[in-house]
Chemist: 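This is the structure I have questions about; it appears just below.
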Amino acid sequence: MSYKKYYAQRRGKKPAKTDGKNKITFTGTLRANEKGFAFITPDDKEKYKKDFFVPKRAVNGALDGDRVLASPVKGTADEASVLSVLERGRKKIVGTIERAKTFCRLYPDDNKMPEVAIPLALCMNAKDGDKVLCEITAYPKKSYPKGKVIEILGESGDFEVEELSIIRAYGLYENFPEDVLAEAKRVSEENIVLGNRKDLRDKLIFTIDGADTRDIDDGVSLEVVGGNYLLGVHIADVSHYVKPRTPLDNEAYARGTSVYFPDRVLPMLPKDLSNGACSLNEGEDRYALSCLMTFDKNGKRLNSEICESVIRSRHKMTYPAVTAICGGDKEACAAYPDLVDTVKQMEKLCLIMEGNRDAAGSVTLDVREAKIYIDGDEIVIPDYNRTISERIIEQFMISANEAVAEFLLKCKAPCMYRVHEVPSPEKASLLLSFVKDLGITARCNAESVAPKDFQHILKAAEGKPFYSVINKVMLRSMQKARYSASNLGHFGLASQCYCHFTSPIRRYPDLFVHRSLKEVLRGNKEKAVKLYGSVCEGAAADCSDRERIADEAERAVDDLYKLVYMSDRIGECFDAVISGVTNFGVFCELENTIEGLIPLEVLPDEKYEYFAEKFLLKGKKHSFRLGEKIKIRVDGCDFGKMRVMFSLND
């Protein structure tokens with residue numbers, strides 16, 4: 001099957017239809033609400049800038065995630081009715097079984113989905129209270145969907161079963177098909193042959209990752225010659241093993257990305273490759289694509305060379321070890337005497353790069369994310385901390401990504417760019433209004449904001465209690481980064497040209513970029529255009545979708561771990577910051593990034609007025625505003641809504 005046909009099949013887009021009555025129609029994706037109404041996001045975002053509201057009476061049998069044909073309601077600005085379902089978005093549902101005499105009833109975990117009726121013969125002998133994965137077999141308009149059980153996950157309420165239920169709900173699986181595993185094993189057993197590649201095995205190359213990392217994509221090297229920095233970013237050459245249109249490639253494309261949970265990883269590639277032949281393991285020869293860049297003493301990139309190479313990592317370094325060396329820790333320096341000078345120079349170059357990006361207006365959001373891990377039987381959620389070693393790797397990878405994107409753009413070769421567009425005027429205006437109420441003056445126009453405008457807001461908020469909240473609100477005001485066949489720039493990085501090149505073991509877009517890049521390096525630009533040019537936009541959309549699903553799944557599982565963690569701390573009191581204000585209560589965030597809700601009914605005043613544009617809940621005597629410090633008590637954990645419940649601790 002050709003790339004073009006395979007991508008088209010994966011996209012599954014159907015053309016818009018008319019209903020035969022000359023109505024104005026459009027196609028889009030329906031997002032349901034648990035109360036019965038819904039919203040439709042139109043496919044044509046140029047023509048339709050906003051989502052359409054669909055009242056319950058006009059949903060017409062469509063379910064959450066369905067692609068629908070709809071028509072705007074005359075006399076309204078943003079209301080529509082569903083005419084027909086073009087494609088079902090949710091063919092499998094996770095839920096809890098309840099057995100009756102003649103059939104089983106499935107209560108979905110996702111309360112936006114309806115109950116499903118399952119004949120007893122198709123329930124795989126699931127018991128009352130079992131969590132199962134159900135496949136929908138029919139969608140009657142006037143009754144519940146019909147289905148069959150395809151996997152019994154275990155007893156509802158069991159922690160591991162609940163985690164697995166979330167994973168299945170997002171369509172994620174641990175196991176690979178047999179033909180994919182066989183292919184991975186076969187190609188991973190190849191011997192390393194230098195051939196026409198550049199031999200860089202004599203260079204001091206090492207990796208820097210988390211202590212538990214097994215799939216190592218990137219290694220770094222640095223030399224200082226004549227006052228210039230010679231930075232090498234060496235990336236695993238996954239494209240050598242994963243060839244287009246093979247079962248291995250098709251599976252990688254379908255997964256799109258590796259997905260990381262506290263207790264497991266669902267890799268994009270089988271372990272023979274992700275942890276073996278592709279991983280830049282210490283002391284082992286590996287195929288790589290190396291981006292060799294020269295920077296002057298001021299951090300300006302003077303030139304770059306991209307080549308196919310063979311490398312050998314000298315050390316598998318961890319973030320804490322590199323941070324310790326940067327801090328002059330005697331034990332760490334003694335353990336790695338050959339790296340001390342290089343790491344110190346890396347720190348120096350990193351700080352120069354950060355200064356340059358700061359001057360260019362890069363929006364460095366300090367959005368805190370919990371690092372959840374398992375220690376024996378204990379869930380550990382330490383306070384948030386971002387060290388110099390993470391910053392070194394971040395700056396070096398950004399530099400390599402820019403160099404590769406610029407090279408492919410200059411060559412007019414296909415590239416899956418990583419784009420981050422300018423915030424919409426509406427969202428920018430809300431942000432500016434919010435920071436103004438906090439006493440921060442933002443001298444910019446919501447119609448034409450620049451990265452530096454957002455950067456000035458962050459600098460003005462530094463050191464203030466609402467700093468982390470401003471970071472969150474700013475993130476929500478921005479467009480979501482995505483993949484595109486067109487170079488649209490990256491607002492957050494203040495970068496004119498950017499792609500993802502540095503993680504091909506765990507991201508399909510990087511693998512796509514590697515393939516195009518290698519054809520160009522071999523003098524086959526026309527071949528690259530023929531193979532990848534026409535399919536790049538569809539593949540970019542698919543990869544963006546898979547990234548979104550992975551992000552949502554990771555957050556959902558993290559929320560489960562946070563709930564279990566906090567269930568052992570009911571009655572304890574903590575300092576917090578108000579991280580969200582709604583008409584039903586106040587969300588608060590602890591130092592370890594765990595968020596909980598103080599419901600409206602437990603707040604001290606009887607009546608409150610909600611000002612959405614000001615992120616304010618105002619009562620007669622008490623007011624609650626985003627970013628304010630507050631003291632809370634943990635009252636409980638609502639596993640149904642996946643939410644920690646707080647109250648005020650006066």
Side-chain angles (χ1 to χ4, degrees), residues 4-21 23-73 76 78-94 108 110-114 116 133-142 144-147 168-172 253-256 480 482-485 535 537-553:
K4 189 171 184 179
K5 286 182 180 178
Y6 182 74
Y7 290 158
Q9 177 179 306
R10 285 281 304 152
R11 295 288 296 151
K13 297 294 186 185
K14 298 180 181 178
K17 300 176 182 178
T18 61
D19 65 348
K21 299 179 182 178
K23 283 186 177 180
I24 297 173
T25 62
F26 66 94
T27 58
T29 301
L30 183 133
R31 300 297 175 195
N33 183 278
E34 60 189 82
K35 295 182 179 178
F37 60 83
F39 293 90
I40 299 175
T41 301
D43 292 335
D44 189 346
K45 293 180 176 58
E46 291 298 319
K47 184 175 180 180
Y48 302 102
K49 303 295 184 184
K50 296 182 179 180
D51 291 353
F52 283 87
F53 171 74
V54 184
K56 185 176 181 178
R57 66 179 183 279
V59 171
N60 196 24
L63 302 178
D64 185 60
D66 287 353
R67 191 161 175 273
V68 299
L69 177 70
S71 177
V73 175
T76 66
D78 59 357
E79 186 175 321
S81 59
V82 174
L83 300 177
S84 63
V85 175
L86 301 178
E87 183 181 6
R88 292 294 180 179
R90 307 277 292 275
K91 299 179 177 66
K92 297 177 182 178
I93 300 177
V94 171
D110 186 345
N111 53 18
K112 298 190 295 293
M113 297 298 290
V116 180
L133 178 63
C134 166
E135 181 179 314
I136 299 178
T137 57
Y139 299 84
K141 280 191 176 181
K142 296 183 179 180
Y144 291 128
K146 305 294 190 292
R168 288 292 184 271
Y170 284 95
L172 304 175
Y253 182 84
R255 292 180 178 234
K480 182 169 175 56
R482 61 184 178 89
Y483 297 104
S484 172
V535 299
E537 192 60 59
D542 278 343
C543 288
S544 297
D545 286 344
R546 296 311 303 173
E547 178 187 49
R548 175 186 56 79
I549 290 168
D551 287 345
E552 290 176 2

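Only heavy atoms go into these numbers, but all of them, side chains included; no hydrogens, no water, no symmetry mates.
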Chemist: Do Phe26 and Ser71 come close enough that some side-chain heavy atom pair is under 4.5 Å?
Modeler: no
Chemist: Quick check: do Asp64 and Met113 have side-chain heavy atoms less than 4.5 Å from each other?
Modeler: yes
Chemist: Is the closest side-chain heavy-atom distance between Ile93 and Ile136 below 4.5 Å?
Modeler: yes
Chemist: Is the backbone of Gly89 close enough, under 3.5 Å, to the side chain of Asp66 for a donor and an acceptor to pair up by distance?
Modeler: yes
Chemist: For residues Leu172 and Ala553, report the shortest heavy-atom separation together with the two atoms involved.
Modeler: CD1-CB, 3.7 Å
Chemist: Examine distances only and state if a side-chain atom of Asn111 and a backbone atom of Glu34 form a donor-acceptor pair shorter than 3.5 Å.
Modeler: no
Chemist: Before giving the answer on side-chain contact (heavy atoms from CB on, under 4.5 Å), spell out for Leu83 and Val68 the whole-Å C-alpha distance, their side-chain angles and the decisive distance to 0.1 Å.
Modeler: CA-CA 7 Å; Leu83 300 177; Val68 299; over 6 Å; no
Chemist: Check Cys134 against Val116 and note the closest heavy-atom contact, atom names and distance.
Modeler: SG-CG1, 3.9 Å
Chemist: Going by side chain to side chain donor-acceptor pair (under 3.5 Å), name the residues that satisfy it together with Lys56, two or more places apart in sequence or in a different chain.
Modeler: none
Chemist: Check this for me: does any side-chain nitrogen of one of Asp51 and Arg31 sit under 4.0 Å from a carboxylate oxygen of the other?
Modeler: no
Chemist: Taking the side chain as everything from C-beta on, heavy atoms only, tell me whether Leu63 gets closer than 4.5 Å to Arg88.
Modeler: yes
Chemist: Go through the structure and list residues passing side chain to side chain contact (heavy atoms under 4.5 Å, CB included) with Lys47, not counting sequence neighbours.
Modeler: Asp44
Chemist: Counting only heavy atoms not in Tyr170, do more than 12 fall under 6.0 Å of its OH?
Modeler: yes
Chemist: I want to check something: taking the side chain as every heavy atom from C-beta on, are Pro145 and Pro114 in contact at a cut-off of under 4.5 Å?
Modeler: yes
Chemist: Within the side chain of Arg546, is there an N or O that forms a donor-acceptor pair under 3.5 Å with the backbone of Ala550?
Modeler: no
Chemist: Working to the nearest 0.5 angstrom, can you tell me the gap between Ile40 CD1 and Ser81 OG?
Modeler: 8.0 Å
Chemist: Report yes or no: does Thr137 contribute a side-chain atom to a donor-acceptor pair with the main-chain N or O of Lys146 at less than 3.5 Å?
Modeler: yes
Chemist: Rounded at 0.5 Å granularity, tell me how far SG in Cys543 sits from CG in Asp545.
Modeler: 9.0 Å
Chemist: I'd like to check Asp551 versus Lys480 (side-chain heavy atoms, cut-off strictly below 4.5 Å). Are they in contact?
Modeler: yes
Chemist: Mind checking the CG-CZ spacing from Leu30 to Arg90? Nearest 0.5 Å is all I need.
Modeler: 11.0 Å
Chemist: Once side chain to side chain contact (heavy atoms under 4.5 Å, CB included) is applied, do any residues pair with Ser484, and if so which ones, sequence neighbours excluded?
Modeler: Val419, Arg482, Ser486, Leu488, Glu537
Chemist: Are side-chain heavy atoms of Ser84 and Leu86 found at a separation under 4.5 Å?
Modeler: yes
Chemist: Any sub-3.5 Å donor-acceptor pair from Thr27's side-chain atoms to Leu69's backbone N or O?
Modeler: no
Chemist: Can you tell if the side chain of Pro55 reaches within under 4.5 Å of the side chain of Glu79, non-hydrogen atoms only?
Modeler: yes
Chemist: Can you confirm whether or not the ring centre of Phe52 sits under 6.0 Å from the ring centre of Phe39?
Modeler: no
